[in-house]
Structure formats: C-alpha cells, structure tokens
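Below is one structure, written out as structure tokens; the observations come after it.
Just so we're on the same page: letters track the sequence lines, and every chain starts at 1.
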Amino acid sequence: MSNHDPIDKLLDDAISGHSILKDRRVLQTSHEPETILHRDGELAKTTQSLLPILKKSRPSNLLIYGKPGTGKTLVVKKVLEKIEKRVEKSEFPIKFVYANAKDETTIYGLLVSFGSKIGVDLPTTGLSISTIFKKILDHIKQNSMNVVFAIDEIDYLVELASKTGRDILYNLTRANENLGKDSSLTLIGISNLLSFKERLDPRVISSLGEEEIVFTNYTVDQIKEILAERIKDAFVDNVIDASALNLCAAMAGQEHGDARRAIDLLRVAGELAEREGSNNVTSDHIRRAAQKMEEDKEVTALNAYPLHEKLLIVAVMRSNGASTGEVYHTYKELCKTIRQKEVTQRRATQILSDIELSGLITGKIVHQGIHGRTKKYNLTVQPETIKKAFQNDVILADVL
DNA sequence: ACTCCACAGGAATAACCGGGCG
DNA sequence: CGCCCGGTTATTCCTGTGGAGT
C-alpha cells in the first residue's frame, strides 16, 4: 500500500543528517500497516458481515462505531482490500468505494466522487443531486455491479445535511429495492460518535443499521505493542527508551485508548529528538511532545474564534482574576483602540461563558455582599500561548 | 432583619448570513 | 438574480440572588 519512493527516502535522509528516523511515513496517519494488531474480533465481524458478497448476494448495510483511534478505518479498508483481491480474478463484478465525509464539503461532492470511482463521468456542477443519484444507480444497474460504499465520519454528513441531504442518505440505504437482481449497493457507515444514531432519521437507522459493530478501546498494553510494531519500521534500532514507550502508551491510554494519538505523540517526540541531534528518544521528549501538541491545539482553537471572542480573551488576559464588569471595561478599551464597535455586556457574558465551556478560561461565581454577585475569570492557558496565537492577526496587533 | 449591590442568565425579538431554489 | 428559510449572533428588557453593611 504505502509506496516507499526511493527519491523521497533519499531526500528525507539528506534533510536530517544522521537520522534516528528510518521512515517517518510509518508514523503518519495515512500509513496502513501490513497487519492490524488486536483487532481480530473486529476484522472477523466486518468480514463476516460482508461475506454474502462472495456468494453473489447482497450483504446487509453496516454501521461501525468506535472512539477515535480505535482502528475503524484501517479495518474496513483492509477487509475491503482483501475481498477485492480475492474477487479480482472472478468474473463477478464487485466494486468497493471508500470516501471520507470530512473531505467533501457537500453531499453533492460526495456523490460525484463516488460516481467517478465506479466509472460514471459526472460534471462537477450543473446537475441536481437527484439527477446525479439516478445516473449512478443507472450505471450500477446497467453494468450489473455490486457496489460497497464506505462512508467514513458519516456523522459529518448528517451534520451538514440539509433536508435533501437526509433524503439522499435515505435513498442510498434503500437503493437496492430499485436495483435489479444482478446488482446491489451496500453501505458501510463509520462514525466516531456513539450518539450519532439518535440524530438520524428512524427510517435511515432501520436500513443503515441492519448490522452494527462497535470497536472497543485499546488497552495500554495493546497500544504498547502497536507502537512497538511501528517503531520497528519507523526508527533506527534501539533509539526509543523503554520508559519513553511506556509513557507514550500510558498517556494515550489515559484518554480512551487512542492509538492514533499515541502514534502522533511518538512522531512529534521523534522529530523533536532528531532536531536536537539526540541519539535516542527519551520520556522527556514524549512529555515535551505532548506539551507541544497541547499548545498547538490551543493555538488552533484560539485562532478559530471570531474577533470579539478574541478581544474578550485578551481582556481576561490583561486583567487576570477580574470580574465581569472589569473584563468588560478592558474589553471596551480594547475596542476603542482598534476602532471596533463593542457588543453589549449581556452578549459579552454570553461569549465569556461560551469560551469557558471550551476550557480556555475558567469563571467562578462569587457573592460579594453589598458589592453584588459576579463572575471572576481566569486564564487556563499561558498568556504566552495567547500572544503567540494572536500575533499574526492584523487587527489585534495593536492590543498585544 | 432588611437593604441593595453588580452582576447572572432567561425570554423575546431583531439583524445578519449562507445555502438552496425557482 | 432575488427570494426565502433556518440557524446564528446580538440587542433589549427583564427577574433573581447571597451576603456585607447597616
């Protein structure tokens, strides 16, 4: 699967003089390992569910749940790949299509990419969704294809789905009834959220959820083995301290057994160690990698806020531990210096409690007798982080 | 025991915004 | 293109509140 381009490899080596990293691609999220550890049950169930297709009958639609980093995508891709290989030589036409709903901004885009993968030429614009849909079904029918369509992060789809979008999802799950005897369409939905089902049209649930598989979390020991496996391919021998490996697995396990996070952590720690010219990756590197990732996450979150949210965060930073009134006062000053219209205090308190919900600031209600009731706000992140995040915001330049 | 502060936070309503549709 | 629709943002107005000060 992963094509190890010799040119890339040379370039990688050249960039990092004496490298402790043998092949950093192995640690990237796009990497698909040969064997998938500790997912035997899930692999078996998924295969089982798709088995009918080998006997030329239609499998049930399948819904897969599991927390992030539990190997859902990996397992589905692997199983589809294996079946496809097995069927390749036979004259029985099976087609697997994988799409990630996050990559497509609209249902329309999703359908078009789906269509192009099964060989329907579609214009990227101009046709209505229902026309596209019909063309795809016609194509499947005419060529008597058996198609399995895997939609990853299907929760996103439902999120952005308007009424027509929901209808499409419904039609997709029920498409079989309109296909002839010789063709079929099976859906595999993959979702991070267990609660995803609740927000679905009950008609869709009954047809999409014909069969369900829930992916369990990895244990710390399992993560350790998965990491060890990757380390073998990614790093030069014996550069990862045992304590570093343990810590890395433990940190990821603390969340909910997120293998992807563990691997990310390892990659960042490895890059950190390499940049420092260190000969091995220590638990200190892991710790700093975690810190860096946390900070990056905060910076991204900070930048995603609209202007007035940012201004209020700066106001909280300026006057740490201040009451709502004081924060609002400094906020108004900030608005004046950058010539922006301020929002009302009511709105400001609303925004502040929204930000509080995201965890960047904390607020505590205090009663001060004759001095009334108010909320005292504090920053939970380093002021440095905030400055770093906002420094390339041209509007905020003057108030930092 | 009573007052009164400095807001919290609910409700109603208006302004705005992006997407779909004829 | 304008129009409508649903969702979000913001304003206005409002009632409620624990305890320091008297």
Side-chain angles (χ1 to χ4, degrees), chain A residues 101-115 122-136 153-172 193 195-196 198-201 204 301-336 338-380 393 395-396:
Chain A
K102 228 192 198 162
D103 300 338
E104 300 291 342
T105 39
T106 57
I107 304 258
Y108 193 90
L110 193 78
L111 280 179
V112 170
S113 86
F114 173 45
L122 294 167
T124 48
T125 178
L127 298 178
S128 77
I129 286 181
S130 56
T131 320
I132 297 265
F133 191 65
K134 221 155 125 211
K135 284 202 173 205
I136 289 172
E153 322 228 22
I154 196 168
D155 28 333
Y156 269 82
L157 191 67
V158 179
E159 196 95 353
L160 92 217
S162 57
K163 215 169 69 221
T164 51
R166 263 173 248 260
D167 283 351
I168 289 299
L169 203 54
Y170 173 65
N171 285 333
L172 266 176
L193 292 129
S195 61
F196 156 72
E198 290 157 21
R199 286 183 294 136
L200 228 48
D201 186 327
V204 176
L302 246 18
N303 273 315
Y305 279 117
L307 179 65
H308 288 276
E309 275 76 347
K310 287 182 180 175
L311 282 169
L312 279 160
I313 293 169
V314 174
V316 172
M317 180 183 78
R318 281 278 183 85
S319 47
N320 220 346
S323 66
T324 307
E326 289 159 340
V327 170
Y328 185 65
H329 183 76
T330 34
Y331 158 78
K332 276 205 292 197
E333 293 294 310
L334 292 177
C335 283
K336 210 181 282 171
I338 62 171
R339 295 156 203 281
Q340 291 285 328
K341 202 175 85 191
E342 69 255 34
V343 298
T344 53
Q345 179 154 348
R346 177 69 189 89
R347 178 61 191 152
T349 62
Q350 182 69 52
I351 291 174
L352 282 171
S353 56
D354 282 353
I355 300 170
E356 191 189 340
L357 225 56
S358 80
L360 288 169
I361 62 175
T362 54
K364 213 192 283 161
I365 295 174
V366 285
H367 294 270
Q368 317 174 75
I370 196 89
H371 302 299
R373 178 172 69 141
T374 186
K375 238 173 160 181
K376 300 263 188 188
Y377 289 101
N378 272 298
L379 238 45
T380 56
D393 189 317
I395 308 174
L396 289 174

Determine whether a donor-acceptor pair (N or O, by modelled atom type, separation under 3.5 Å) exists between the side chain of A:Y377 and the backbone of A:A315.
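It does not hold such a pair.
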Which nucleotide in the list [options] gets nearest to the side chain of [X]?
{"X": "A:H371", "options": "C:dA10, B:dA8, B:dA6", "value": "B:dA6"}
{"X": "A:R347", "options": "C:dT9, C:dG21, B:dA8", "value": "C:dT9"}
{"X": "A:I370", "options": "B:dA11, C:dG18, B:dC5", "value": "B:dC5"}
{"X": "A:T344", "options": "B:dA8, C:dT12, C:dA20", "value": "C:dT12"}
{"X": "A:H367", "options": "B:dG9, C:dG18, B:dC7", "value": "C:dG18"}
{"X": "A:T349", "options": "C:dA10, B:dA8, C:dG21", "value": "B:dA8"}

Please report, rounded to the nearest Å, how far the [atom2] atom of [N] is from the [atom1] atom of [X].
{"X": "A:L311", "N": "C:dA10", "atom1": "CG", "atom2": "C1'", "answer": "15 Å"}
{"X": "A:E326", "N": "B:dA8", "atom1": "CD", "atom2": "P", "answer": "12 Å"}
{"X": "A:K375", "N": "B:dA8", "atom1": "NZ", "atom2": "P", "answer": "7 Å"}
{"X": "A:Q345", "N": "C:dT11", "atom1": "CD", "atom2": "C1'", "answer": "13 Å"}
{"X": "A:L357", "N": "B:dG9", "atom1": "CG", "atom2": "P", "answer": "12 Å"}
{"X": "A:I351", "N": "C:dT11", "atom1": "CD1", "atom2": "C1'", "answer": "12 Å"}
{"X": "A:R346", "N": "B:dA14", "atom1": "CZ", "atom2": "P", "answer": "18 Å"}

For B:dA6, does either OP1 or OP2 sit under 4.0 Å from a side-chain N or O belonging to A:S323?
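So the side-chain polar atoms of A:S323 never come under 4.0 Å of the phosphate oxygens OP1 or OP2 of B:dA6.
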Presence of A:K341 side-chain N/O under 4.0 Å of C:dA10 phosphate oxygens OP1/OP2
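No, outside the criterion.
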Considering only heavy atoms from C-beta outward, does the side chain of A:N303 approach that of A:K310 to under 4.5 Å?
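With C-beta onward as the side chain, the pair touches.
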Checking side-chain polar atoms at under 3.5 Å, does A:S323 have a donor or acceptor matched by the opposite partner on A:E326?
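A:E326 and A:S323 do have a side-chain donor-acceptor pair below 3.5 Å.
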With heavy atoms under 4.0 Å as the rule, sort A:E342 into base, sugar-phosphate or nothing.
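Sugar-phosphate, no base atom in range.
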Less than 3.5 Å between a donor and an acceptor, one on the side chain of A:R373 and one on the base of B:dG9, is that the case here?
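Answer is no: no donor-acceptor pair is held.
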Sidechain N-carboxylate O distance under 4.0 Å for A:R318, A:E333:
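Looking at A:R318 and A:E333, the cut-off is not met.
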